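Below is one structure, written out as structure tokens; comments come after it.
Counting starts at 1 for both ligands and their atoms, in listed order. Predicted model, so just to flag it, every value in this text is computed and none were measured.
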Amino acid sequence: MHPRTTGPRTTSDVLVVGGGIIGLVTAWRATQRGLRVAVVDPEPGGGAARVAAGMLAAVTELHYGEETLLGLNLLSACRYPDFVAELQEAAGGADVGYRACGTLAVALDADDRAHLRELHALQQRSGLESEWLTGRECRRLEPMLAPGVRGGLRVDGDHQVDPRRLAAALVAACERSGVLVHRTGAERLVVAGDRAAGVVLEDGTELAAGQVVLAAGSLSGRLGGVPAEAVAPVRPVKGQVLRLSVPRAYAPFLSRTVRAVVRGSQVYLVPRENGELVVGATSEELGWDTTVTAGGVYELLRDAHELVPGITELPLTETRAGLRPGSPDNAPLLGPTVLPGLHLATGHYRNGVLLTPVTGDVMATVLTTGELPEEARAFTPARFRSPSPSTSSSLSPAGVS
Ligand SMILES: Cc1cc2nc3c(=O)[nH]c(=O)nc-3n(C[C@H](O)[C@H](O)[C@H](O)COP(=O)(O)OP(=O)(O)OC[C@H]3O[C@@H](n4cnc5c(N)ncnc54)[C@H](O)[C@@H]3O)c2cc1C
């Protein structure tokens with residue numbers, strides 16, 4: 001049953017449902033373009049960014065069949081330095097922990113080496129910069145690597161940022177630039193005259209808006225009142241992550257992100273300047289479960305230990321699980337839906353931190369001009385629409401008809 005609705009409390013040009021990094025960057029960039037913007041989230045600045053490692057890994061995360069996404073990833077990576085400088089200033093001098101440290105992807109056995117050689121060939125065909133190194137050369141760069149490392153790829157352009165600090169800076173930048181942040185959940189979308197007109201909050205208050213952006217991460221498909229044809233096709237993909245701490249006496253433990261595929265599973269170690277070492281991540285299709293399991297922790301430590309044996313000496317400071325918003329093609333959903341006034345900014349899956357700068361720019365353009373910029377056309381939600389034409393008058397709320 002819906003809570004009692006009280007009349008519209010405030011009206012904004014844009015109302016963003018979800019204050020994770022994607023909703024926040026959308027709100028911040030839209031307000032910079034002169035729009036009056038509100039964000040609704042019980043915990044703005046939380047979400048998957050609380051768990052994420054923050055690798056900006058356009059090159060090392062390249063996968064077969066994802067060449068279109070590669071273009072967007074590279075564009076966002078390119079914009080990162082300027083984005084960080086502008087955000088830090090807008091947030092009153094906050095430091096988001098951007099580190100231009102590069103990445104080393106290594107192989108531990110013959111199978112891993114063959115896999116990495118394939119990746120290298122794909123990177124070269126795609127015109128990307130990466131250099132093949134022998135095991136000895138890898139260990140010269142990172143002396144803590146296991147002696148058995150068989151070779152690796154040096155990617156000097158894949159950097160990192162601290163997603164928690166990034167999210168906190170985005171909250172501050174939003175509030176300082178006049179975005180109204182409502183610390184509560186949205187219950188359902190309000191549709192009036194065949195267009196999105198606002199949301200009803202959990203306490204029954206209605207917020208009116210000219211346009212609504214659904215940026216609720218893995219929960220983006222669950223907002224009530226959204227017509228079935230406009231529901232975001234996103235699913236949660238669980239990831240467990242560990243945080244260790246490198247005592248000053250051990251520094252520098254690693255100087256760049258180190259990663260590998262061990263027995264078919266990805267493992268990475270991301271060293272922050274403040275001594276934190278992030279070890280991730282599992283990838284599990286388990287619905288909304290965010291339990292940290294003994295098995296998950298064991299596998300991460302086992303694989304990370306094979307890569308960098310010295311990690312077992314380090315204090316384990318945190319274990320966490322989060323949900324990546326996965327889309328059917330692993331690429332984001334950006335821009336207008338079939339319901340006029342309703343936009344999506346979700347489905348960023350394992351690249352949401354990397355894609356934050358470009359998503360903010362793309363969404364601000366859509367919200368001010370109604371058009372997706374060239375670089376984002378391939379990411380329209382319309383790519384998942386069934387071929388049969390549907391008219392707005394046939395729109396019915398999800399789960400109702
Ligand atoms: C283990 C792990 C490791 C990762 N590593 C990396 C990495 O190294 N590099 C990288 O680029 N990306 C990485 N990611 C992915 C990245 O974290 C996500 O893609 C990104 O954080 C998604 O941001 P979002 O704002 O779309 O969603 P979320 O972070 O999920 O935020 C959604 C927000 O919406 C709010 N919300 C939900 N429903 C409602 C509602 N009804 N009303 C109001 N608010 C609502 C939630 O409270 C939440 O704050 C990783 C993710 C995980 C889980």
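Using the six-membered ring where Trp is involved, Tyr80 and Phe83 have ring planes that are perpendicular, over 60° apart on the 30 and 60° scheme.
Which of Gly224, Gly47, Gly18, Gly217 comes nearest to atom 45 (C) of ligand 1 through a heavy atom is settled by distance: it is Gly18. Of the candidates Val16, Ile22, Thr257, Ile22 brings a heavy atom nearest to atom 23 (O) of ligand 1.
Against a heavy-atom cut-off of under 4.0 Å, Gly239 is close to the following atoms of ligand 1: 1 (C). Listed by number with element, the atoms of ligand 1 under 4.0 Å from a non-hydrogen atom of Val51 are 1 (C). Each of the atoms 7 (C), 8 (O) of ligand 1 lies under 4.0 Å from some heavy atom of Gly54. Short contacts between ligand 1 and Gly185, defined as distances under 4.0 Å to a heavy atom of the residue, involve ligand atoms 42 (N), 43 (C). Below 4.0 Å from some heavy atom of Val241 lie the following atoms of ligand 1, by number and element: 1 (C). Less than 4.0 angstrom separates some heavy atom of Gly20 from each of these atoms of ligand 1: 25 (O), 31 (O), 33 (C), 49 (O). Each of the atoms 10 (C), 11 (O), 12 (N) of ligand 1 lies under 4.0 Å from some heavy atom of Asn351.
Of the polar atoms of Ala48, at least one N or O is found under 3.5 Å from an N or O of ligand 1, judged by distance alone. Taking any N or O of Arg324, backbone or side chain, none lies under 3.5 Å from an N or O belonging to ligand 1. The shortest N or O to N or O distance between Arg350 and ligand 1 is under 3.5 Å. Inclusion of Gly46 in the set of residues having an N or O under 3.5 Å from an N or O of ligand 1 is not warranted.
Within a 6.0 Å radius of CD in Glu129, no more than 12 heavy atoms belonging to other residues, nucleotides or ligands are found. By the neighbour-count criterion of 12 heavy atoms within 6.0 Å, atom CD of Gln124 is densely surrounded, having more than that number from other residues, nucleotides or ligands.
For the residue pair Thr359 and Asp361, no side-chain donor N or O sits within less than 3.5 Å of a side-chain acceptor on the partner. With hydrogens and angles left out, the side-chain atoms of Thr282 and Glu284 include a donor and acceptor closer than 3.5 Å. Counting only N and O atoms by type, the side chains of Ser245 and Glu276 include no donor and acceptor under 3.5 Å apart. For the residue pair Gln160/Glu273, the side-chain donor-acceptor check at 3.5 Å is not satisfied.
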